[in-house]
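The structure under discussion appears below in the form of structure tokens.
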Amino acid sequence: MKRVYKITAWTVGSIVLLGVCVFVVVFLKHALNFDFKETKIYPDESRVAPKDTVINVNGVEFKMIGVKGGKIDCKGLSETIELDDFHIGETEVTQELWSAIMGNNPSVNKAGDSLPVENVDLVECLEFVNKLDSVSGLNFYIPTHSQWLYVGYLSKQLPSKDKALDSLAWHSDNSGNVTHNVKQKNPNNLGVYDMLGNVAEWTVSGSDPLFIVVGGSYETEKETCNGEFGDFDHCNVKTGSMGLRLVMYPKSSK
């Protein structure tokens, strides 16, 4: 009986010890996995960026810029995000493209087809993307926050806090308090226009109830118009300073 008792006690003790070890490992993993203090990117240098592509939909042409994938540590998050190759819109979605797909123009400033569409909430943007998919036969998306940041940091544009910002962005000091036609400022090093200023852009991230609107707009003060500027908004919020940009994946990756 004593032998059985000792074996049982040893077994129970081993199980308890194993449980304690597992708890300690899990606890330390979370305790030591601090949020990243700054955003950093790690492009996969073994990849070649997909070729830029020009798409014509209902008589409207727009260009998508190829971006090679890699990894990104987003400030405030605790896990590295891996990104596949993707394309991102050369410009914000224009009123011309929106009207060609949706048959309406909800924008506040309707002074030209080449102005970015604005005054659209995220629900409307997703409806636009779905209709664009149907018409084009392609698969478009709203950028994730990490994709948007990755493009900015890959192009060495974000954050922008120097005099060069005036040549890249429409902000409160130079916009005259209105939106401007796309491609009037210089592009970043990847050939992408207006990532900062003009209209802020919707991004999505998982199933969060709040979505991050990034990049600042024509209303944003110059001092805060950089890659770190972002507002959390519900999907049904719309203003004359908020628009969108598209992403898509190469056919071979999605």
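This chain uses plain numbering: 1 for the first residue, then up along the sequence. Quick caveat: nothing in here was measured; it's all calculated off a predicted structure.
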For side chain to side chain contact (heavy atoms under 4.5 Å, CB included), just list the numbers for Leu115 and Thr94, CA-CA rounded to whole Å, side-chain angles, deciding distance to a tenth of an Å, and then say yes or no. CA-CA 6 Å; Leu115 289 168; Thr94 63; over 6 Å; no

Between Thr39 and Ile72, is a side chain to side chain contact (heavy atoms under 4.5 Å, CB included) present by the stated rule, with each step listed? CA-CA 7 Å; Thr39 297; Ile72 180 170; 4.0 Å; yes

Criterion side chain to side chain contact (heavy atoms under 4.5 Å, CB included) on Ser99 and Asn104, from CA distance to verdict: CA-CA 5 Å; Ser99 299; Asn104 62 60; over 6 Å; no

Give the C-alpha distance, both sets of side-chain angles, the deciding distance and a yes or no for side chain to side chain contact (heavy atoms under 4.5 Å, CB included) between Val117 and Leu244. CA-CA 8 Å; Val117 69; Leu244 75 153; 3.7 Å; yes

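The shortest side-chain heavy-atom distance between Pro116 and Thr91 does not fall under the 4.5 Å cut-off. Two residues are said to be in side-chain contact when any heavy atoms from C-beta on lie closer than 4.5 Å; His145 and Val204 fail this criterion. Contact of the Ile81 side chain with the Tyr150 side chain is not registered, since no non-hydrogen atoms from C-beta on lie closer than 4.5 Å. Put simply, the side chain of Leu132 does not reach to within 4.5 Å of the side chain of Val129, judged on heavy atoms. Within the 4.5 Å cutoff, the side chain of Glu90 has heavy atoms near those of the Tyr193 side chain. Under the 4.5 Å side-chain criterion, counting only non-hydrogen atoms from C-beta, Tyr218 is not in contact with Ser172. At least one side-chain heavy atom of Phe128 sits less than 4.5 Å from a side-chain heavy atom of Val93. In this structure the side chain of Arg245 reaches within 4.5 angstrom of the side chain of Asp194, judged on heavy atoms.
Within a 6.0 Å radius of CD in Glu221, no more than 12 heavy atoms belonging to other residues, nucleotides or ligands are found. Summarising the local packing, CZ of Phe232 is surrounded by 12 or fewer heavy atoms from other residues, nucleotides or ligands at distances under 6.0 Å.
For the pairing with Leu246, the side chain to side chain contact (heavy atoms under 4.5 Å, CB included) check across His87, Glu92, Met64 returns one residue only, Met64.
Closest heavy-atom contact between Gly243 and Val120: CA-CG2, 4.2 Å. Asp166 and Lys185 get closest at one heavy-atom pair: O-NZ, 2.7 Å. Residues Val247 and Gln147 share a closest heavy-atom pair of CG2-OE1, 3.8 Å. Taking all atoms of both residues into account, the shortest heavy-atom contact from Asn174 to Ala169 is ND2-O, 3.1 Å. For Ser175 against Trp170, the heavy-atom pair with the smallest separation is CA-CE3, 3.9 Å. The heavy-atom pair separating Thr80 from Lys71 by the smallest distance is CG2-CB, 3.7 Å.
Taken from SG in Cys125 to CZ in Phe211, the straight-line distance is 11.5 Å, to the nearest 0.5 Å. In this structure, Ile55 CD1 and Glu61 CD are separated by 10.5 Å, a value rounded to the nearest 0.5 Å. Note that CD1 of Ile101 is 9.5 Å distant from NZ of Lys131, once rounded to the nearest 0.5 Å. Rounding to the nearest 0.5 Å gives a distance of 13.5 Å between CD1 of Ile212 and CD of Glu201. Rounded to the nearest 0.5 angstrom, Phe36 CZ and Cys74 SG are separated by 8.5 Å. Put simply, CD on Gln95 and CE on Met102 are 14.0 Å apart, with the number rounded to the nearest 0.5 Å.
In this structure, the side chain of Glu118 engages the main chain of Asn109 through a donor-acceptor pair within 3.5 Å. Side-chain atoms of Lys110 come within 3.5 Å of backbone atoms of Asn105 as a donor-acceptor pair (strictly under, hydrogens ignored). Between the side chain of Thr220 and the backbone N or O of Ser217, at least one donor-acceptor pair lies under 3.5 Å. Looking only at distances, no side-chain donor or acceptor of His234 sits under 3.5 Å from a matching main-chain atom of Asn236.
Cluster annotation: Val182 and Phe62 are assigned to distinct hydrophobic clusters (Ile/Leu/Val/Met/Phe/Trp/Tyr, side-chain heavy-atom contacts under 4.5 Å, transitive). Linking ILVMFWY side-chain heavy atoms closer than 4.5 Å, directly or via other members, places Val199 and Ile88 in two distinct hydrophobic clusters. Linking Ile, Leu, Val, Met, Phe, Trp and Tyr residues whenever their side-chain heavy atoms come within less than 4.5 Å places Leu210 and Leu149 in a single cluster. Both Ile142 and Phe140 are assigned to one and the same hydrophobic cluster, defined by single-linkage of ILVMFWY side chains at heavy-atom distances under 4.5 Å. Leu97 and Val135 end up in the same hydrophobic cluster when Ile, Leu, Val, Met, Phe, Trp and Tyr side chains are linked at under 4.5 Å.
Using a 3.5 Å distance cut-off with no hydrogens or angles, the side chains of Thr179 and Asn198 do not pair a donor with an acceptor. Asp233 and Trp202 share no donor-acceptor pair across their side chains, judged by distance under 3.5 Å alone. Between the side chains of Asn188 and Ser155, at least one donor-acceptor pair of N or O atoms lies under 3.5 Å.
Sorted by first and then second residue, the side-chain hydrogen bond (donor to acceptor under 3.5 Å, both in side chains) pairs involving residues 119-130 (not counting sequence neighbours) are Glu124-Lys238. The side-chain hydrogen bond (donor to acceptor under 3.5 Å, both in side chains) contacts involving residues 44-59 comprise Asp44-Ser46, Asp44-Arg47, Glu45-Lys68, Arg47-Asp85, where partners must be two or more places apart or lie in separate chains.
Checked against a 6.0 Å centroid threshold, the rings of Tyr141 and Phe86 do not count as neighbours.
Electrostatic pairing of Lys75 and Glu38 does not count as a salt bridge here, judged by no charged N lying under 4.0 Å from a carboxylate O.
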